[in-house]
Amino acid sequence: MSDADFRPEARAPRGFSDKRAGDLRVERRILDAVSKVYERWGFEALDTGAFEYADALGKFLPDSDRPNEGVFALQDDDEQWMALRYDLTAPLARFAAENWETLPKPFRRYAFGPVWRNEKPGPGRYRQFIQCDADTVGSARPEADAELIAMGAEGFEAAGLRRGDYLFKVNSRKLLNGLLAAAGVESQGQKLGVLRAVDKLDRLGMDGVRLLLGEGRKDESGAFTKGAGLNGKAVEAVLAFVQIGAGRGDTLSRLSDVVGGSAEGAEGLEELGRIETALAGLGVGADRAVFDPSIVRGLEYYTGAVFEADLLLETTDEKGNAVRFGSVASGGRYDDLVARFTGQPIPATGISFGVSRLAAALRAAGHNPVETARGPVVVIAFDQDQMTAYFAAAAELRAAGIPAEVYLGSSGMRPQMKYADRRMAPAAVIMGGDEIAAGTVTIKDLDLGRALSSQVADNEAWRAERPGQMTVPRDQMVAAIAQIIEAASREPKP
RNA sequence: GCCGCCUUAGCUCAGUUGGUUAGAGCGCUAGAUUGUGGAUCUAGAGGUCCUCGGUUCGAGCCCGAGAGGUGGUACCA
């Protein structure tokens with residue numbers, strides 16, 4: 001095949017999705033609402049570039065053998081590795097370290113934008129997606145954690161969720177660490193294994209987690225997952241811990257019986273107590289945030305409080321099957337991340353909204369149905385010699401704040417009407433020879449026609465009736481169309 | 001990464017034990033209707049049957065490998 005014969009297949013790379021007007025509107029509305037909440041709480045906006053030097057991103061460093069493991073990386077012309085950011089936290093840690101001397105401390109910033117992960121895509125799992133984060137750098141106070149939780153709850157409601165649709169679950173890494181220390185578990189590998197096992201509680205149940213805490217577990221397909229290798233006593237201690245149950249003050253007092261004995265556990269408990277006090281002051285009750293020892297988050301870097309928000313509302317896909325969205329917001333305390341750069345320990349805590357996932361969840365729940373985006377008023381290009389008049393009419397509409405366009409295809413009138421219909425235009429403007437000679441315009445209320453069309457079976461009658469059509473003096477065009485649009489926004493569409 | 005299932009028109013799918021020119025519905029384009037959207041009728045366009053290799057006189061169908069999708073599992077900063 002010669003080069004000239006080659007035809008590329010028109011397709012988006014897997015894991016990357018095209019978003020049309022309806023999707024974008026939902027997404028922007030969420031970003032806008034959540035950003036406003038963040039600003040109201042005193043977080044300043046920060047935008048950093050899509051790329052970071054790879055060594056700033058942390059654990060998953062690209063190298064020449066496997067440059068794109070986990071991230072999308074490339075080598076700059078000075079041979080330094082750069083990679084697309086995989087979250088907004090690593091760039092913040094870099095920025096905070098770089099500018100620490102001059103920043104007001106604690107530094108409170110929010111950021112939103114796409115992040116990229118080079119991993120296997122799946123349904124609802126993309127290689128590019130949008131996050132919206134808020135972080136406080138330079139405060140070790142548990143109240144900073146509590147504030148993020150309360151603000152996250154406010155963010156959900158601003159984005160369109162109702163109270164009761166979501167629930168924050170809060171825990172502290174220090175509790176489990178203290179418990180494991182008291183049980184004699186020291187190895188980092190074992191601790192990580194415990195985190196991963198507990199993280200699967202909702203899926204595998206208590207028995208599955210028990211196996212994963214001990215020797216390991218064989219799943220239905222026969223694959224074997226190696227366990228954390230705890231002894232029987234330690235396994236039962238962890239299971240007793242995660243079964244304490246979710247709640248507020250009651251949960252804290254039950255927790256104190258189990259982990260109060262160890263120094264780190266007592267410290268974690270004291271911090272959760274201060275979070276409880278702060279949440280109470282902020283008016284966040286048990287209907288919006290609870291303590292739940294089974295929430296651990298898989299990530300290694302968390303050092304203290306961890307939390308995530310689940311959606312409680314019922315959602316179904318196109319086929320009516322129930323869909324469970326994972327957590328749509330999550331976060332926690334990471335006191336060591338900035339120290340990677342500065343050597344100085346700088347405490348930090350943050351929350352991250354999964355905007356794309358929240359948008360999908362809102363749609364699935366039918367809260368914010370993605371309506372077909374409203375199109376512009378279409379000025380029919382009836383007579384090529386009158387284009388000046390058409391552009392003038394469109395300009396006049398735009399000046400009045402009404403989206404409008406002149407049809408710029410090459411088809412006749414019928415396809416132009418079809419075009420206006422398909423764009424969901426509220427109205428079409430017709431200026432043929434008759435109208436121009438008489439100093440009038442014909443305006444067609446397309447919504448009215450849409451509503452009437454179901455009752456008309458025969459095309460003769462449909463055409464003769466000219467539903468929703470009126471002819472008005474040219475200088476009343478804008479007013480007439482404004483009236484049509486105003487009526488459309490008041491009445492629900494058919 | 002590992003295991004199962006799937007891949008035929010833009011979409012949803014049918015396609016007989018392996019047999020001539022691969023079909024349907026929806027959608028799309030045009031006409032009926034030279035200045036009018038929907039419905040109806042008529043006509044039309046649209047296919048490397050995922051790819052490569054093998055078996056066979058003959059493969060959409062059988063065999064092997066690969067790719068993509070999907071469900072589970074592992075990982076997930």
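Order of the sequence lines fixes the chain letters, A, B, ..., with proteins taken first and strands second; residue numbering starts at 1 for each chain. It should be emphasised that the depicted structure is a prediction, and the values quoted were computed from it without experimental measurement.
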| task | Could you run through nucleotides 30-37 of chain B and give me one letter per nucleotide, 5' to 3': B if any protein heavy atom sits under 4.0 Å from the base, S if only the sugar-phosphate is that close, - if neither? | result | ---B-BBB

| message | Ignoring hydrogens and geometry beyond distance, is a side-chain donor-acceptor pair present between A:T349 and A:D145 at under 3.5 Å? | response | yes

| Using 4.0 Å as the upper bound for N to carboxylate O, is an ion pair formed by A:R173 and A:E271? | no

| task | Check if the side chain of A:R196 and the base of B:C76 share a donor-acceptor pair of N or O atoms closer than 3.5 Å. | result |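 Under the 3.5 Å cut-off, the side chain and the base do not form any donor-acceptor pair.
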
Rounded interatomic separation in angstrom, taking [atom1] from [X] and [atom2] from [N]:
| X | N | atom1 | atom2 | result |
| --- | --- | --- | --- | --- |
| A:K218 | B:G72 | NZ | C1' | 17 Å |
| A:K120 | B:G68 | NZ | C1' | 12 Å |
| A:R217 | B:C75 | CZ | P | 11 Å |

| query | Any cation-pi pair here, A:R109 with A:F43, using under 6.0 Å and within 45°? | reply |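 Not satisfied by the 6.0 Å and 45° rule.
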
| Trace of the salt bridge (charged side-chain N to carboxylate O under 4.0 Å, His left out) decision for A:D207 with A:R210 | CA-CA 5 Å; A:D207 293 334; A:R210 178 179 283 111; 3.2 Å; yes

According to the Watson-Crick and G-U wobble definitions, with both distances under 3.5 Å, which nucleotide is paired to [N]?
| N | answer |
| --- | --- |
| B:A24 | B:U12 |
| B:G19 | B:C57 |
| B:G1 | B:U73 |
| B:U36 | none |
| B:C52 | B:G64 |
| B:A30 | B:U42 |

| task | Sticking with atom C1', work out how far B:C76 lies from B:A22, rounded to a whole angstrom. | result | 45 Å

| query | If the P atom of B:G47 is compared with that of B:A67, how far apart are they to the nearest Å? | reply |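 Result for the P pair: 27 Å, nearest Å.
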
Check whether any side-chain N or O of [X] sits under 4.0 Å from OP1 or OP2 of [N], and answer yes or no.
| X | N | answer |
| --- | --- | --- |
| A:R203 | B:U73 | yes |
| A:R422 | B:C28 | yes |
| A:K200 | B:C75 | yes |

| task | Would you kindly compare A:D87 and A:G15 by the position of their nearest RNA chain B nucleotide and give the one closer to the 5′ end? | result | A:G15

| message | Let me spell it out: for each of A:Y301 and A:L212, pick the nucleotide of RNA chain B with the closest heavy atom. Which residue's pick is nearer the 5' end? | response |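 Nearest nucleotide further toward 5': that of A:L212.
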
| task | Could you please spell out the steps behind the salt bridge (charged side-chain N to carboxylate O under 4.0 Å, His left out) verdict for A:E186 and A:K191? | result | CA-CA 7 Å; A:E186 299 291 345; A:K191 284 186 184 174; 5.2 Å; no

| task | Answer yes if the ring centres of A:F156 and A:Y166 are under 6.0 angstrom apart, and no otherwise. | result | yes

| Got a sec, which pairs hit salt bridge (Lys or Arg N to Asp or Glu O under 4.0 Å) with one end in residues 427-444 of chain A, sequence neighbours left out? | none

